[in-house]
*Asks:* 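Quick one: this structure, given as C-alpha cells, is what I'll be asking you about.
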Amino acid sequence: MCELPGIRRGPIVLSKRDLVDDEWLAALDDEVAAAVAGTFLAAAPRAPVSARTGDGLPVLRAALGDALAALPLRATGGVLRLPIDRVFTVKGHGTVVNGTSPAARSASRR
C-alpha cells in the first residue's frame, strides 16, 4: 500500500510499546519482519514507541531524521506557482484561498 503514493523509505513504528512485555514485542517484531520481507520496507528500521511513556521516541526521531537526510534535494530557484483550487470566506477571518503546488500534483499521479 505504501508503494502507491510513491513512498520508498521510512521507519516502521510499533506503537503502544508500554502495553506489551519484551517477549510479546519480540514476537510482534518477527511478525512485522515477515510481513515486509521482499518489500522496500524489509531493511527499514523498526521503532517500538510509547506515546504515554516516551520510550522509543529518540530512536524514532533518529530514524525519521535519517530518512529525511536520504531524500534528494529539490530545486529552490524559480517562481512558485500555486494554481487556485478554491476560494471561500470564513466569517471573522476573511477570504481563504487554497491551491495545490504542481509538484504535489505530479507526485500524486505516479
Side-chain angles (χ1 to χ4, degrees):
M1 261 199 217
C2 290
E3 293 172 348
L4 292 176
I7 296 170
R8 300 286 181 250
R9 68 179 56 88
I12 297 172
V13 179
L14 306 174
S15 62
K16 299 186 181 187
R17 166 62 182 104
D18 56 305
L19 299 180
V20 298
D21 60 23
D22 291 340
E23 185 178 328
W24 189 268
L25 179 64
L28 177 63
D29 192 57
D30 291 343
E31 190 175 323
V32 169
V36 298
T39 72
F40 71 98
L41 290 172
R46 290 186 293 277
V49 175
S50 169
R52 178 174 287 151
T53 66
D55 287 344
L57 288 177
V59 173
L60 176 59
R61 286 186 187 108
L64 289 172
D66 292 345
L68 182 61
L71 291 174
L73 295 177
R74 293 186 179 193
T76 57
V79 177
L80 172 67
R81 296 186 178 183
L82 187 66
I84 296 172
D85 292 333
R86 63 187 181 139
V87 178
F88 56 94
T89 304
V90 176
K91 186 175 181 179
H93 293 281
T95 302
V96 178
V97 179
N98 288 51
T100 306
S101 73
R105 287 174 192 233
S106 64
S108 68
R109 292 183 185 151
R110 288 186 208 159

*Asks:* Determine whether Val59 and Leu57 fall in the same hydrophobic cluster, where Ile, Leu, Val, Met, Phe, Trp and Tyr are linked whenever their side-chain heavy atoms lie under 4.5 Å apart.
*Replies:* no
*Asks:* I'd like to check Val20 versus Leu28 (side-chain heavy atoms, cut-off strictly below 4.5 Å). Are they in contact?
*Replies:* no
*Asks:* Kindly give the heavy-atom pair with the smallest separation between Pro45 and Ala63, and that separation in Å.
*Replies:* CG-CB, 3.9 Å
*Asks:* Given Val96, which of Val87, Val90, Thr89 fulfils the side-chain contact (heavy atoms from CB on, under 4.5 Å) condition?
*Replies:* Val90
*Asks:* Between CG of Asp30 and CG of Leu25, what distance do you get to the nearest 0.5 Å?
*Replies:* 9.5 Å
*Asks:* Are Val32 and Trp24 in one and the same hydrophobic cluster, where Ile, Leu, Val, Met, Phe, Trp and Tyr link if side-chain heavy atoms are under 4.5 Å apart?
*Replies:* yes
*Asks:* Should the pair Asp18-Arg52 be classified as a salt bridge under the 4.0 Å nitrogen-to-oxygen rule?
*Replies:* yes
*Asks:* Quick one: which of Asp22, Asp29, Asp55 gives a salt bridge (Lys or Arg N to Asp or Glu O under 4.0 Å) with Arg17?
*Replies:* Asp22
*Asks:* Indicate the atoms forming the closest heavy-atom contact of Leu41 with Ile12, along with that distance.
*Replies:* O-CD1, 4.1 Å
*Asks:* So which atom in Ala37 and which in Ala42 form the shortest heavy-atom distance, rounded to 0.1 Å?
*Replies:* CA-CB, 4.3 Å
